[in-house]
*Asks:* 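Sharing a structure below in structure tokens format, with a few things to ask.
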Amino acid sequence: MFVVMARAATESEILGVKSHILSEGMTPYDHAGQERVVIAVVGEVGPRKQVLMSRLAALPGVETITPISRPFKLTSREFHPEDTVIRVLDAVVGDGGLTVMAGPCSVESRAQLMETVDAVAAAGATIIRGGAFKPRTSPYAFQGLGVEALRYLAEARERTGLPTITEVMEPNQVDIVAEYVDILQIGTRNMQNYSLLNAAGRVARPVMLKRGFGSTVEEFLMAAEYIVAAGNPNVILCERGIRTFETYTRNTLDLSAVPLLHHLTHLPVVVDPSHATGKRWLVKPLAIGGVAVGADGVMVEVHPTPEEALSDAEQQLNPAQFADLMAALVPVHEHVRSLHGDPLVTGAALGIGAGGLSKH
Ligand code: PEP
Ligand code: MN
């Protein structure tokens, strides 16, 4: 449930509500919106729900109590109607601008990374990607350069001025990755690795969470909820394709998830057409598609010589193909931006008390 405070509620009334929630064995999370403070009550309520609701309603400064049927709370639009905007160095994600994360699937050498980052930065990328710890289907495939790659990523950040993102696969890698890299990525295979989600929730770095290839949108949001509930509000969601009966593409990019997520959550949403399709020539049309349906950005794999890549050779773009993609993407984004006020296009930003919310 959410406790909606009156517009004129004082600091001490807000504190009073929060300490009452704590005394009931629940956890309060407050969000100061443009007009009022909303406090989410999180924990096992069970049969006490009605009693708790009426006790909270009687406290000074409380306007209403809104029961919430959705399982995700802190990530929901009802709790936090405004879009979450994430700032990392000079990059801003979720403010209506176009975020482009680009770089190799795996960091293979210093020279390979520097050549790639120079090219993608010149073409307009806003964030550098590069895998250091690689989740490979085969234990015999290239597993990544590990900490050596993290050092190259830190150098790439110095060189370009752009923030960096890399995948973290285990809770015990979180601190070292956070030391060298600006954004932590949790991959599709780990979307429901709850100890990793909790560890990422405790670090002072934004986290990009990729959708599990077999997960529903609700499961995706529940995974994001773990990170936010553990204390990290800066989560970027990434739709990277789900497994369907189609085998021609590596996965099926679920474009409907983009406006749906914008409707359900305040968190920024990006699409990854590289892992979604597994095919170089499909990256451009689906990146354009993602931006057209309102994604806040894209993640694209780029390699100086994709055919020779140690991982995902079939889906990486070369620098010229990436520059060509950027030239197509920017005008599409400019056009779609003009539609952003239209809730029927990008998903509605539904405020508390706006009513009319249905599960589907
Ligand atoms: C990646 O981005 O490097 C990656 C492995 O992606 P995913 O987790 O979506 O497969
Ligand atoms: Mn890859």
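One is the number of the first residue; the rest follow in order along the sequence. Atoms within a ligand are numbered from 1 in the order they appear, just like the ligands themselves. These numbers come from the heavy atoms of this one structure, side chains and all, not from hydrogens, waters or symmetry mates.
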*Asks:* Which protein heavy atom lies closest to atom 3 (O) of ligand 1, and at what distance to 0.1 Å?
*Replies:*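 Ranking protein heavy atoms by distance from atom 3 (O) of ligand 1, first comes R129 NH2, 2.9 Å.
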*Asks:* Considering non-hydrogen atoms of the protein only, which is the closest contact for atom 4 (C) of ligand 1, and what is the distance?
*Replies:*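 In this structure, atom 4 (C) of ligand 1 has H275 NE2, 3.5 Å as its nearest protein heavy atom.
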*Asks:* May I ask whether R211 places a heavy atom under 4.0 Å from ligand 1?
*Replies:*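 R211 does not count as a contact of ligand 1 under the 4.0 Å cut-off.
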*Asks:* With rounding to 10 degrees, what does the angle H275:NE2 / the Mn ion (ligand 2) / C105:SG come to?
*Replies:*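 Seen from the Mn ion (ligand 2), NE2 and SG are separated by roughly 170°.
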*Asks:* To the nearest 10 degrees, could you say what angle the Mn ion (ligand 2) makes with OE2 of E301 and OD2 of D312?
*Replies:*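 Here the angle at the metal atom is close to 130°, to 10°.
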*Asks:* I need the atoms of ligand 1 closer than 4.0 Å to a non-hydrogen atom of G187, numbered in the order shown.
*Replies:*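 Heavy-atom distances to G187 below 4.0 Å select 8 (O).
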*Asks:* Any chance the side chains of H303 and E108 put a donor and an acceptor closer than 3.5 Å?
*Replies:*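 There is such a pair (donor and acceptor under 3.5 Å, judged by atom type) between the side chains of H303 and E108.
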*Asks:* Could you tell me which atoms of ligand 1, counted from 1 in the order shown, lie closer than 4.0 angstrom to a heavy atom of K134?
*Replies:*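 The list of qualifying atoms is 3 (O).
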*Asks:* Students should be able to answer this: which protein heavy-atom is nearest to atom 8 (O) of ligand 1, and at what distance?
*Replies:*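 Scanning the protein heavy atoms, the shortest distance from atom 8 (O) of ligand 1 goes to T188 N, 2.8 Å.
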*Asks:* Is it true that E246 and T252 share a donor-acceptor pair across their side chains at a distance under 3.5 Å?
*Replies:*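 Distance-only check fails for T252 and E246.
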*Asks:* Both conditions, 6.0 Å and 45 degrees, for the charged tip of K279 above the ring of Y248: are they met here?
*Replies:*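 K279 over Y248 ring: yes.
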*Asks:* Measure from NZ or CZ of R243 to the centre of the six-membered ring of F213, then state whether that distance is under 6.0 Å and the direction lies within 45° of the axis.
*Replies:*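 Yes; both conditions hold, so R243 lies above the ring face of F213.
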*Asks:* So which protein heavy atom does atom 10 (O) of ligand 1 come closest to, and at what separation?
*Replies:*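 I find the closest protein heavy atom is R240 NH2, 2.8 Å.
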*Asks:* Could you check atom 5 (C) of ligand 1 against the protein and tell me its nearest heavy-atom contact, residue, atom and distance included?
*Replies:*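 The answer is E167 OE1, 3.6 Å.
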*Asks:* Quick one: does any side-chain atom of R110 pair with a main-chain N or O of M114 as donor and acceptor, under 3.5 Å?
*Replies:*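 It does not hold such a pair.
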*Asks:* Only heavy atoms of R189, strictly under 4.0 Å: list the atoms of ligand 1 that pass.
*Replies:*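 Within the 4.0 Å cut-off of R189, ligand 1 contributes 8 (O), 10 (O).
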*Asks:* Could you check D296 against T99 for side chain to side chain donor-acceptor pair (under 3.5 Å), going step by step and ending with a plain yes or no?
*Replies:* CA-CA 6 Å; D296 297 284; T99 295; over 6 Å; no
*Asks:* Among protein heavy atoms, which lies nearest atom 6 (O) of ligand 1, and at what distance?
*Replies:*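 The answer is K210 NZ, 2.8 Å.
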*Asks:* Just by distance, with hydrogens left out, do D312 and Q315 show a side-chain donor and acceptor under 3.5 Å apart?
*Replies:*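 Their side chains do contain a donor-acceptor pair, which is all the 3.5 Å distance test asks for.
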*Asks:* Which pair of heavy atoms, one from R77 and one from P81, lies closest together, and at what distance?
*Replies:*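 Where R77 meets P81 most closely, the heavy atoms are NH1-O, 2.8 Å.
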